[in-house]
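Each chain gets a letter, A, B and so on, in the order the sequences are listed, and its residues count up from 1.
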2 protein chains.
Amino acid sequence: MATINDVARLAGVSKATVSRVINNSAKVNEETRAKVLYAIEKLGFRPQFSAKALAHSKKQFRIAISLSKRMELIKDSNDEIGQFYGIILKEIKGMATIYGINVKEILLESPEKGYDGYILIGGDVTKEILNNYKIFKKPIILLDHYILGEKIDSISPDSFTGAFYAVNYLIKKGMKHIVHIHGPLNSYGFKSRYNGYTEAMISAGLTPVYYEYDDINNNIDIVLKKIIETEIPEAIFASNDMTAIRIMDELKKYNIKIPDDISIIGFDDIPRAKKYKPSLTTVKVFKQEMGNMAFKRLYELMLNENTHPVRISLYTEFVKRKSTR
Amino acid sequence: MATINDVARLAGVSKATVSRVINNSAKVNEETRAKVLYAIEKLGFRPQFSAKALAHSKKQFRIAISLSKRMELIKDSNDEIGQFYGIILKEIKGMATIYGINVKEILLESPEKGYDGYILIGGDVTKEILNNYKIFKKPIILLDHYILGEKIDSISPDSFTGAFYAVNYLIKKGMKHIVHIHGPLNSYGFKSRYNGYTEAMISAGLTPVYYEYDDINNNIDIVLKKIIETEIPEAIFASNDMTAIRIMDELKKYNIKIPDDISIIGFDDIPRAKKYKPSLTTVKVFKQEMGNMAFKRLYELMLNENTHPVRISLYTEFVKRKSTR
DNA sequence: TTGTAAGCGTTATCAT
DNA sequence: ATGATAACGCTTACAA
């Protein structure tokens, strides 16, 4: 277990010098550098991240969190943002405080230079937007999103598995006519839930039925009308809890009983899901943990640790409540 | 940025006591505990992982790495294990040395109690085997594997995307008749590559053609014969480099020219891929980084940090060499 | 250009 | 039951 001290001793220099060599943080005589490099090689030394991080802990980093225009729009009409991204945001800011790091919220569509790292939130990030951040040459995290082909660190819930098991729950209850109402599929999360639903249906020999719902126009009444006009399905699996709740609101107008006439499942487990009558069966997304991991990962990257980009999926949890049989 | 010192000061105790409260590591008077808890709450204190890890760095952990019987079997007939898992293993052991942690290799099928953490390697881990490890109640990492429905930390390459882009490369070259030779699909990695291939083919309007290859019986000659008997495809995408190399060996016997008559793509980028004539076009899996991440994640878990289980996928990289047009 | 030494936030040993 | 203090491995003023 070679430490910087061992290297220093073998190379016959001080550990400060070793540190300088490792980090290229100051001029070092070529001969000295060679000696140090040799010792590092010889001992198989690799700096320990914890020690590095600790020593850095008073360093003043600045990070930016980017939220899209669309979120700002929706924010006014309902509390979707607060119930989901709000929790994530709070965690990130909390972690930042602990680590003594400055956080600024900026508009996703207007990238601002000058931060040590960026967390881009939600499914509105496109390749084009991303490119405008890449040019800053600073670490970037996609939170609750992923873009195929982009080697950018990404943190998201395991939507596929979550959806798969939720729909399977309905199937095991003997239901066959299960429809999926989903948000825009350019959002990776929605797309994965869509895929999870599809996979569950197909492998059970059932026919998937999809309806798209646009949360900006909030056209759930129209969508639902269309669904009901043909036949009331046994269950609806919605892309997220907000949508599920709106569906239930609408269903009440038609005097359709939940869960007796129809079962509803959402996704996210926002606080409201539990309070609503009937309480909403859903797939819990670990929002706080997502925020935490996003922060930690960004912190690692800012300290140049483990820089190979990764995609992190957090396991979800099926939560049975009153909206399903 | 509250530290343990701030908490101690506010609670009017020493930081040693605060530490005892946080970790439940020793008896603490109920009143004192209450004061400390209050201070923690008030200040929003959360211990900093780096500091914790550093302080723990002399603690003697013991971890086990489990390799399957099948790997032992294959190991004799070729160097597949060394070329792929060998690199991963080496990295894990290297990290362990740095962290002063003891590593023992054990047989996957014979779980041994008494370690502080386990890394289970490869696609041979079944739910049943996993259960025998779970009862130890110690952190477990699945390396290069994932089991649907099991909430166990998992590290693997992003095989789907890797395969998708590799096959797309061939498609863009104008090829239409591309077959996939894959290993056992209970291995998550093989399954994902299979899915990536399928997705690429289907979305290009092409028909996927699959052949399974069993690396224990090493029946590549039979498989290849079957393929050629009908028609020589324009390209073969193999589940991994070892298989691709065997295919090329076999192809030479038929005097079929690579890449003129047929293009070959593998997966993994094992050292041999580069040396082989013709050098093998492949998808690079970051083996060392995988080992590194597996170790780090296990270490976190052993220190009770960030315990929510996650799936980590490492981005891959397409490497164009001479075996493709 | 290099070395000395303080300091980062925890844990753990040893007193009390 | 609690406190004082050394130690963990590294970075970074400040000195030389």
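- One interatomic measurement links the two molecules: CD of Gln60(B) to P of dA7(D), which rounds to 18 Å at whole-angstrom precision.
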Under the criterion side-chain contact (heavy atoms from CB on, under 4.5 Å), I'd like the reasoning laid out for Asn292(B) against Asn306(A): C-alpha separation, chi angles, the key distance, then a yes or no.
CA-CA 8 Å; Asn292(B) 194 292; Asn306(A) 258 155; 3.2 Å; yes
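- Distance CD (Glu31(B)) to P (dT2(D)): 9 Å, rounded to an integer number of Å.
- If you take CG of Asn24(B) and P of dA1(D), they are 13 Å apart, rounded to a whole angstrom.
- Sorted by first and then second residue, the pairs that involve residues 21-30 of chain A and meet side chain to side chain donor-acceptor pair (under 3.5 Å), not counting sequence neighbours, are Ser19(A)-Asn23(A), Asn24(A)-Arg33(A).
- Counting to the nearest Å, the C1' atom of dG9(D) and the CD1 atom of Ile40(A) are 14 Å from each other.
- Residues satisfying the side chain to side chain contact (heavy atoms under 4.5 Å, CB included) criterion with Glu289(B), sequence neighbours excluded, are His308(A), Phe286(B), Leu314(B).
- Side-chain contact between Leu301(B) and Asp153(B) is present, with heavy atoms from C-beta onward closer than 4.5 Å.
- The two residues Ala273(B) and Asp241(B) come nearest to each other via the heavy atoms CB-OD2, 3.6 Å.
- Applying the salt bridge (Lys or Arg N to Asp or Glu O under 4.0 Å) test to residues at least two apart or on different chains, the pairs with a partner in residues 37-57 of chain A are Arg46(A)-Glu91(B).
- At dT2(D), none of the side-chain N or O atoms of Thr17(B) fall inside 4.0 Å of OP1 or OP2 (strictly under the cut-off).
- Protein atom CZ of Arg9(A) is 11 Å distant from nucleotide atom P of dG9(D), rounded to whole Å.
- In this structure, CD of Glu305(A) is placed 13 Å from C1' of dG9(D), rounded to the nearest angstrom.
- Looking at Gln48(A) and Ile98(B), their side chains come closer than 4.5 Å, going by heavy atoms from C-beta outward.
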When you check every protein heavy atom under 4.0 Å of nucleotides 8-16 of chain C, what one-letter string (B, S, -) results, 5' to 3'?
BBBBBB---
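- Applying the ring-ring contact (aromatic ring centres under 6.0 Å, His included) test to pairs two or more places apart or on separate chains, those with a residue in residues 132-151 of chain B are Tyr118(B)-Tyr133(B), Tyr118(B)-Phe136(B), Tyr146(B)-Tyr188(B).
- Helix-axis bend for the helix from dT1(C)-dA16(D) to dT16(C)-dA1(D): the local axis fitted to the five terminal pairs at one end deviates from that at the other end by 40°, rounded to 10°.
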